[in-house]
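Along the sequence shown, the residues carry numbers beginning at 1. Computed over heavy atoms, backbone and side chain alike; hydrogens, waters and symmetry mates excluded.
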Amino acid sequence: MNNIVSWFYETMVNESIKNLKKHDFEALFAVDRLAACEEILKRVPSDKTIGVGGSVTIREIGIIDKLKKQGNIIYDHWQDGLSKEESLRIRKTQQSSNIYLTSANAITITGEIINIDGFCNRISTMAFGPDEVIFVAGKNKLVRDVKEGIERVKNIAAPMNAKRFGADTPCATLGRCVDCNSPQRICRGTLILERRPFATKMLVIIVMEDLGF
């Protein structure tokens, strides 16, 4: 039975990678989070500055500590004990980092990358600023098309993130989107990368695990 499940997801991953490459993204498959870390470490010299987006996935795979051990300077606004002002300063610094590590809220098998943000620092930094952006996403982020991707963000990722943040939003109570006007609404900007932006290298690593929300 496990072989059938693996086959099912591998077909989705392979189709997504094929279409991401057609859209000028570099894309590859990793069997697990350790393989994803090894791929990143192969590509990231120790003298590069690293911005880390607000991503559960990036923290789940354990790459931040590995990069620190390697000697990289890390700009991470999720560090404990930061004031709002310090967090904002780090978010802005991430925009000029050499490499930006983040995930995706959804990746389509037709080759698009979808993200929705509250502060919008993450989507703005993905689009322009760093020399390279590396996306790491679990197989749970794969969807058929852009419409399904936006539905996934609104009704899966956003409610769980709102709950994690302790946001006073309907989705954090109902577990689904009602397109609210709450002052604490976390869906405030959407970025759909249909093709790789001209000035930014982009690598997408799809991991054969469920990661993040």
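Counting non-hydrogen atoms of neighbouring residues, nucleotides and ligands closer than 6.0 angstrom, the CZ atom of Phe29 exceeds 12 such neighbours.
Panel note: side chain Ser16, backbone Leu142; no donor-acceptor pair is recorded below 3.5 Å. Judged by distance alone, the side chain of Thr169 and the main-chain N or O of Gln184 form no donor-acceptor pair under 3.5 Å.
With sequence neighbours left out, Glu38 forms a side chain to side chain contact (heavy atoms under 4.5 Å, CB included) with Leu34. Checked against side chain to side chain contact (heavy atoms under 4.5 Å, CB included), Asn19 has the following partners two or more places apart in sequence or in another chain: Glu15, Lys22. Looking at residues two or more places apart in sequence or on another chain, you find a salt bridge (charged side-chain N to carboxylate O under 4.0 Å, His left out) between Lys42 and Glu39. Residues satisfying the salt bridge (charged side-chain N to carboxylate O under 4.0 Å, His left out) criterion with Asp24, sequence neighbours excluded, are Arg196. Taking the side-chain hydrogen bond (donor to acceptor under 3.5 Å, both in side chains) definition, one finds that Asp76 meets it with Arg59, sequence neighbours left out. For the side-chain hydrogen bond (donor to acceptor under 3.5 Å, both in side chains) test, no residue two or more places apart in sequence or in another chain qualifies with Glu60. Scanning for salt bridge (charged side-chain N to carboxylate O under 4.0 Å, His left out) contacts around Glu26 gives Arg43, with sequence neighbours left out.
Side-chain contact between Pro197 and Met202 is present, with heavy atoms from C-beta onward closer than 4.5 Å. Counting heavy atoms from C-beta outward, Thr102 and Phe135 have side chains that approach closer than 4.5 Å. In this structure the side chain of Leu191 never reaches within 4.5 angstrom of the side chain of Ile114, judged on heavy atoms. Between Lys68 and Ile73 the shortest side-chain heavy-atom distance does not fall below 4.5 Å. Side-chain contact between Leu193 and Glu112 is absent, with no heavy-atom pair separated by less than 4.5 Å. Residues Val56 and Arg164 have side chains in contact (heavy-atom distance under 4.5 Å, counting atoms from C-beta outward). Residues Lys84 and Ser87 fail the side-chain proximity criterion, which asks for heavy atoms closer than 4.5 Å. Ser96 places none of its side-chain heavy atoms less than 4.5 Å from the side chain of Pro130.
The distance from the CD1 atom of Ile134 to the NZ atom of Lys201 is 8.5 Å, given to the nearest 0.5 Å. Atoms NZ and CD1, on Lys18 and Ile109 in that order, are 9.5 Å from each other to the nearest 0.5 Å. To the nearest 0.5 Å, atom CZ of residue Phe198 and atom CZ of residue Phe128 are 12.5 Å apart. Within the model, atoms OH of Tyr100 and OG1 of Thr49 stand 13.0 Å from one another, a figure rounded to the nearest 0.5 Å. From Gln94, atom CD reaches atom NZ of Lys92 across 12.5 Å, with rounding to the nearest 0.5 Å. Put simply, CG on Asn2 and CH2 on Trp7 are 14.5 Å apart, with the number rounded to the nearest 0.5 Å.
Evaluation of the side chain to side chain donor-acceptor pair (under 3.5 Å) test over residues 142-152, restricted to residues two or more places apart or in two chains, returns Arg144-Glu148, Glu151-Asn155. Contacts classified as side chain to side chain donor-acceptor pair (under 3.5 Å) and involving residues 185-194 (residues at least two apart or in different chains) are given here: Asp179-Arg185. Applying the side chain to side chain donor-acceptor pair (under 3.5 Å) test to every pair with at least one member in residues 117-128, sequence neighbours left out, gives these pairs: Arg91-Asn121, Gln95-Ser124, Asn105-Arg122, Asn115-Arg122, Asp117-Arg122.
Checking Val52, Ile50, Asn72 one by one against Ile64, the side-chain contact (heavy atoms from CB on, under 4.5 Å) holds for a single residue, Val52.
Closest non-hydrogen pair, Ile61 versus Cys37, comes out as O-SG, 3.1 Å. Of all heavy-atom pairs between Ala137 and Ser103, the closest is CA-OG, 3.9 Å. The two atoms that bring Val133 and Thr200 nearest to each other are CG2-CG2, 3.8 Å, heavy atoms only. Here the shortest heavy-atom pairing between Ala158 and Cys171 reads O-SG, 4.1 Å. Residues His23 and Gly111 approach most closely at ND1-O, 2.8 Å, considering heavy atoms.
Taking Ile, Leu, Val, Met, Phe, Trp and Tyr as hydrophobic and joining them when side-chain heavy atoms fall under 4.5 Å apart, one finds Phe165 in a cluster with Ile186.
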List the atom pairs, donor and acceptor, that lie under 3.5 Å between side-chain atoms in residues 205-213 and the rest of the protein, sequence neighbours left out.
unit_1	atom_1	unit_2	atom_2	d
Glu209	OE1	Arg33	NE	2.9
Glu209	OE1	Arg33	NH2	2.7
Glu209	OE2	Arg33	N	2.7
Asp210	OD1	Lys139	NZ	3.0

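One hydrophobic cluster, built from ILVMFWY side chains closer than 4.5 Å, holds both Val44 and Ile58. The hydrophobic clustering, which links ILVMFWY residues whose side-chain heavy atoms are closer than 4.5 Å, places Leu101 and Leu41 together. Under the 4.5 Å side-chain contact rule for hydrophobic residues, Val13 and Phe8 share a cluster. Taken together through direct or relayed side-chain contacts under 4.5 Å among Ile, Leu, Val, Met, Phe, Trp and Tyr, Phe119 and Trp78 form parts of separate hydrophobic clusters. Cluster membership check: Ile192 does not share its hydrophobic cluster with Val204, using side-chain heavy-atom separations under 4.5 Å among Ile, Leu, Val, Met, Phe, Trp and Tyr.
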Report the C-alpha separation of Thr57 and Lys141 in whole Å, then their side-chain angles, then the decisive distance to 0.1 Å, and conclude whether the side-chain contact (heavy atoms from CB on, under 4.5 Å) test is met. CA-CA 11 Å; Thr57 295; Lys141 304 291 185 72; 3.8 Å; yes
Check the pair Gln79, Ile90 against side-chain contact (heavy atoms from CB on, under 4.5 Å), reporting the backbone distance first and the verdict last. CA-CA 10 Å; Gln79 298 174 71; Ile90 292 172; 3.6 Å; yes
